[in-house]
Amino acid sequence: MSVKIYNSLSKKKEELVPIKDKTINIYSCGVTVYDKCHIGHARSLYIFDVIKNYLKYRGYKVNFVRNITDVDDKIIKKANDLKKTFDEVVRENILLYENDLKSLGIPKADFEPRATENIPEMIEYIKALIEKGYAYESHGDVYFSVRKFKDYGKLSGQSIDKMLEAVRIEEDKRKKDPLDFALWKKSKENEPFWESPWGKGRPGWHIECSVMSMKYLKCETLDIHAGGRDLVFPHHENEITQSEALTGKPFAKYWIHHGLLTINGQKMAKSLGNFITVQDALKKYDVNDLKMFFLMSHYASPIDFTQEKFLEVKKVLYKFGSLFNQEVPVTTEAAKAPFVEEKLRQFEEAMDDDFNTPKALGVLFELLSETTKMFNQTGNEKDKFRFLLGAINAIQKIFKEIFGLNLVGRKGELTQEQEFLLQDRINAKNKKDFKRSDELRDQLKIMGIIVEDGKDGQKWRRA
Ligand SMILES: [Zn+2]
């Protein structure tokens, strides 16, 4: 059995065959550090970490690079808005980003290159594109001549004319063609700049990823290039174009894109007041809850973030958590019963099929219920413990090594029922059903849980 992956480039599910031996080189477009990370970023960071972990579990050596874009129009705008220096904005947001990764329990990539640390390589790259006739200098900017590259549009699957409609076309006399994109931008006054053959300026966003991926993965064709679906056009299309124009080789063998995240069916936007940062989410939900929420959808599907879904998440985690908290004698040797082996095989089958985490979780759920069933049957107590331990070990290994979940000792301060009642009350309040929310508050009070409403939502304490 081999891993199959949906390739956004061929628009087909393909067998994953590494370019070289059993090594897989993955590049994932990272964050632009102009603001706090939101839960959409958390999904991206987490889901590609899970995919990387699974490939390692399947015996591949994985080299993983995730960049940090630390020079961009958005950062410059932010610095001007906040009356801060460019460096301050970058420094602050990198610290916040690193703190988010830590809070999410997502390890660093093998390399986390920053764009500004690779400017000389970007200049060389642009020079070579000009020499090959693919790029031209104009008033201190350098542009890529899109129409010189015959395959332009092969990732996003659009014709040049369609793309012309899609890009915001402002009358720009510096470009030969409205579709041409900037490789190098002349810096305006008070903007960060680097010296270049075309004067003081800074790199465009797309060139950063092409340069850093090849440099840190030490190859001209990556095995997997990953990112959000919103990056397909123009970012990834342009990465492909300039890279393939330069090397004459495919830029990446497989392109994978995760689906986007909405909040209660709406796009997340500060202007809509529904922007949820990673830290906001972690104030409300346990990190395992958040991860389980992501796993319960296929990575490529859109995902809608709603309070109600966390009720389901809590149920799932509660059931797995109960298994983890079984008292198993540590001296008992683990044994894998045939049904454990069979479920592990099915788990791999689901994950091999384009990392189908919802299906894979379903298999683990079956393993959980069969283990419980077996445990309640009569039989040799010692054997039962050995099998139970075998099942726990198998699930624990998957949870820890692939999903980055930690349920060991997750006893929770509340019973499952109390957690449900609290969640129900949040839902009732959201629906402005105050009669129901009062009833639930009284019910919890009888259980010794006092609920209070504050500006950050409901809080509870023991009576
Ligand atoms: Zn990128």
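The shown structure was predicted, so the numbers you read here are calculated from the model rather than taken from an experiment. Indexing begins at 1, ligand by ligand and atom by atom, following the structure's order. Starting from 1, each residue takes its place in the sequence as its number.
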The Zn ion (ligand 1) contact by Cys29, N, O or S atom under 2.8 Å |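 Checking Cys29: at least one N, O or S atom is under 2.8 Å.
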
Could you confirm whether His236 has any N/O/S atom lying under 2.8 Å from the Zn ion (ligand 1)?
->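 Of the N, O and S atoms in His236, none lies under 2.8 Å from the Zn ion (ligand 1), which means no.
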
Can Asp352 and Arg58 be said to form a salt bridge (Lys or Arg N to Asp or Glu O under 4.0 Å), step by step?
-> CA-CA 9 Å; Asp352 280 353; Arg58 289 294 263 120; 2.8 Å; yes

Within the 6.0 Å centroid threshold, strictly below: Phe305 and Phe293 |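 Here the rings of Phe293 and Phe305 have centres that are less than 6.0 Å from each other.
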
Out of Arg174, Arg202, Lys200, which one pairs with Asp141 under the salt bridge (charged side-chain N to carboxylate O under 4.0 Å, His left out) rule?
->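 The single option meeting the salt bridge (charged side-chain N to carboxylate O under 4.0 Å, His left out) with Asp141 is Arg174.
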
NZ/NE/NH1/NH2 to OD/OE distance under 4.0 Å, Glu92 and Lys78 = no

Please calculate the OE2(Glu239)-the Zn ion (ligand 1)-NE2(His235) angle and round it to 10 degrees.
->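 Approximately 70° at the metal, rounded to tens of degrees.
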
